[in-house]
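Lettering of chains follows the sequences in order, A, B, ..., and the numbering in each one begins at 1.
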Amino acid sequence: MTKIDEVERHLFFEGIYLKYGYDFRQYAEASLDRRLAGLLGDYQASSLLDLLKRALREPEEFRKILGSLTINTSEFFRDPTFFKVLRESVFPVLKTYSKVTIWSAGCSTGEEVLSLAIALKEEGLDRRATIHATDINPFVLKSAKTGIFEASCIPTFNKNYAAAGGTGTPSQYYGAEYGLVRFNPDLLENVVFSEHNLATDAAFLEAHLILCRNVFIYFSRELQERALELFARSLVHKGFLALGSKETLRFSSLAPNFQAVSPGENVFSLLSRSEPKP
Amino acid sequence: MRRPRACFVGASAGGVTALQKLLLELDDDFRLPMIVVQHLHPSTNVTPSLIYRSRARLSFVEAEDKAPIEEGHVYFAPADYHLLVEKTFRFGLSSDRHVQHARPSIDVLFESAAIAYGADACGVVLTGANQDGAAGLRAIADEGGFAMVQDAADAEFPLMPSSALKAVPSARTGTIAEIAKELSRISRS
């Protein structure tokens, strides 16, 4: 692996931030450096400064670079037991509200949003729930909005659907054609897709449930802290926060504000809202 | 040689048995932080403390994202995540694509260790039927770190250690018992 020069990394991300507004300056370095080394290889560049020059001059190239810097690993009902916990421990509380607002932060190509929409539908919550699905990358949002996926996702979908507590037949939610599958458009009827950057943007809603799974592992502790403060400000009292199965609040100063809902799965409820900093 | 500040171990096929033996053979005053990538099936959920034993008073735990690396602990990469170490000597996880067909990948851990620890890293490649770990051990050796490889004759699956030895011809080789002895010596030094 090519070693990344610290000064070059700093200049690279400052440049990207100034030109395009994407802020990678506080991402976790070790995995980010691997992605940067991969980019240098792809572009046969010896320095990040050469890469920066191209990114600044050619927005089309920047789009590709952005795609390589963000992780878009996603699958339907990822960690199926998590969705079981949602249905058993979180949805019963959501049912006590007449309107439910859900924020899927870092929604990537939309697999989690569709999984969530299906679970909400089966629990009779679909009409009162609005899902705000956000991501830093506008190109994955564009793809998520279509509800169209490669047909190769279907075996995982079918398998995880059952393990996640699905009560119907998985094939009722999609139709297949030409190697692609299209999910029923009504699943995305109450989904609002928008760009949102956890590193720079402010709170924009009051949510009953926030899902932010497998995002914090790419953040430094400082950035994770910022995002947690943002979530604490964006949740109603006793609102729920769901993190990835290997993400923890243990090393955060905001940990006392949250209470674990279910041991094993990383679902928390907000005990006290943090006061906005002056 | 300086005393390494942490020891990084990679194992694949045959690795659980090899690691059990290695950990049992460590001296009872072994304290060096040990960080392990053992290739597992992605859906495997193992509790390291149920599988491993040692005479030394060590805690066997799954490595947690952002957790500080501490002496007296043996950390294991969770299934289906890459495990990396940061320059802050804390762990990082990632779902980046597979490296050497593996996630967690030994190369990913070792290369991050070379960057974070430099000459203070010690890398060990044990039994396995692939070539993960070779490039990573090279990275550790290039930074002046200490490289060890299980004797191909001692390994249940020799391909991984012999690939690592090819990449780092200067690596120390030995049986599991000899590696344990060497690690115990390093930990005391």
Side-chain angles (χ1 to χ4, degrees), chain A residues 1-6 9 26-39 41 67-75 78-81 106 108 156 159-160 163 213-225 228 243-253 255 264-266, chain B residues 8 35 42-45 47 61-70 75-100 103-118 121 134-140 142-143 167:
Chain A
M1 190 189 118
T2 317
K3 229 172 150 181
I4 300 301
D5 181 84
E6 294 218 14
R9 186 204 308 111
Q26 291 194 79
Y27 272 51
E29 277 180 14
S31 56
L32 192 60
D33 276 2
R34 283 200 77 84
R35 273 169 252 138
L36 289 173
L39 272 171
S68 304
L69 289 175
T70 54
I71 306 303
N72 298 305
T73 313
S74 192
E75 71 179 47
R78 182 174 184 179
D79 306 317
T81 46
S108 191
T156 308
K159 188 179 74 166
N160 286 358
R213 299 169 68 222
N214 296 301
V215 175
F216 278 4
I217 52 176
Y218 302 109
F219 287 2
S220 68
R221 288 173 76 209
E222 293 71 26
L223 186 51
Q224 181 181 315
E225 208 69 355
L228 263 182
L243 300 179
S245 63
K246 299 296 175 193
E247 291 170 322
T248 170
L249 293 181
R250 252 180 6 101
F251 307 106
S252 162
S253 67
E265 294 301 328
N266 280 324
Chain B
F8 299 85
I35 299 106
S43 62
T44 323
N45 244 332
T47 309
V61 294
E62 187 175 274
E64 279 187 294
D65 189 55
K66 314 275 187 280
I69 297 166
E70 292 168 348
Y75 300 95
F76 294 83
D80 208 25
Y81 286 82
H82 287 306
L83 175 65
L84 303 96
V85 291
E86 300 282 351
K87 285 179 198 146
T88 51
F89 306 118
R90 287 173 182 266
F91 289 115
L93 298 176
S94 113
S95 293
D96 275 283
R97 60 174 177 264
H98 291 59
V99 173
Q100 296 286 346
R103 191 171 66 199
S105 148
I106 303 163
D107 280 345
V108 169
L109 174 67
F110 282 17
E111 286 172 356
S112 73
I115 292 169
Y117 283 85
L137 196 68
R138 180 74 256 164
I140 288 178
D142 283 346
E143 291 295 327

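- One finds a salt bridge joining K3(A) and E143(B) here, because a Lys/Arg side-chain nitrogen approaches an Asp/Glu carboxylate oxygen to under 4.0 Å.
- Atoms CD1 and NZ, on I217(A) and K66(B) in that order, are 8.0 Å from each other to the nearest 0.5 Å.
- Contact annotation for E247(A): neither backbone nor side-chain heavy atoms come within less than 4.5 Å of a heavy atom of chain B.
- Heavy atoms of S252(A) lying under 4.5 Å from chain B are absent altogether.
- Between H82(B) and R34(A), every side-chain heavy-atom pair lies at or beyond the 4.5 Å cut-off.
- Of the listed residues (S95(B), G92(B), S112(B)), the greatest number of heavy-atom pairs within a distance under 4.5 Å of chain A belongs to S95(B).
- Counting heavy atoms from C-beta outward, D96(B) and S31(A) have side chains that approach closer than 4.5 Å.
- Counting heavy-atom pairs under 4.5 Å between each of E64(B), R138(B), R97(B) and chain A puts E64(B) at the top.
- There is no contact between A116(B) and chain A, counting heavy-atom distances below 4.5 Å.
- Side chains of K87(B) and E6(A) form a contact here, defined as non-hydrogen atoms less than 4.5 Å apart.
- The nearest pair of heavy atoms linking S245(A) to Y81(B) is OG-OH, 3.8 Å.
- Of the two parts of T248(A), only the side chain, counted from C-beta on, holds a non-hydrogen atom closer than 4.5 Å to a non-hydrogen atom of chain B.
- Heavy-atom distances place the side chain of V99(B), and not its backbone, under 4.5 Å from chain A.
- Between I115(B) and M1(A) the shortest side-chain heavy-atom distance falls below 4.5 Å.
- Taken to the nearest 0.5 Å, the CG atom of L84(B) stands 11.0 Å off from the CG atom of L32(A).
- Only the side chain of R90(B) comes within less than 4.5 Å of a heavy atom of chain A; its backbone N, CA, C and O stay farther away.
- For E86(B) against A30(A), the heavy-atom pair with the smallest separation is OE1-N, 3.0 Å.
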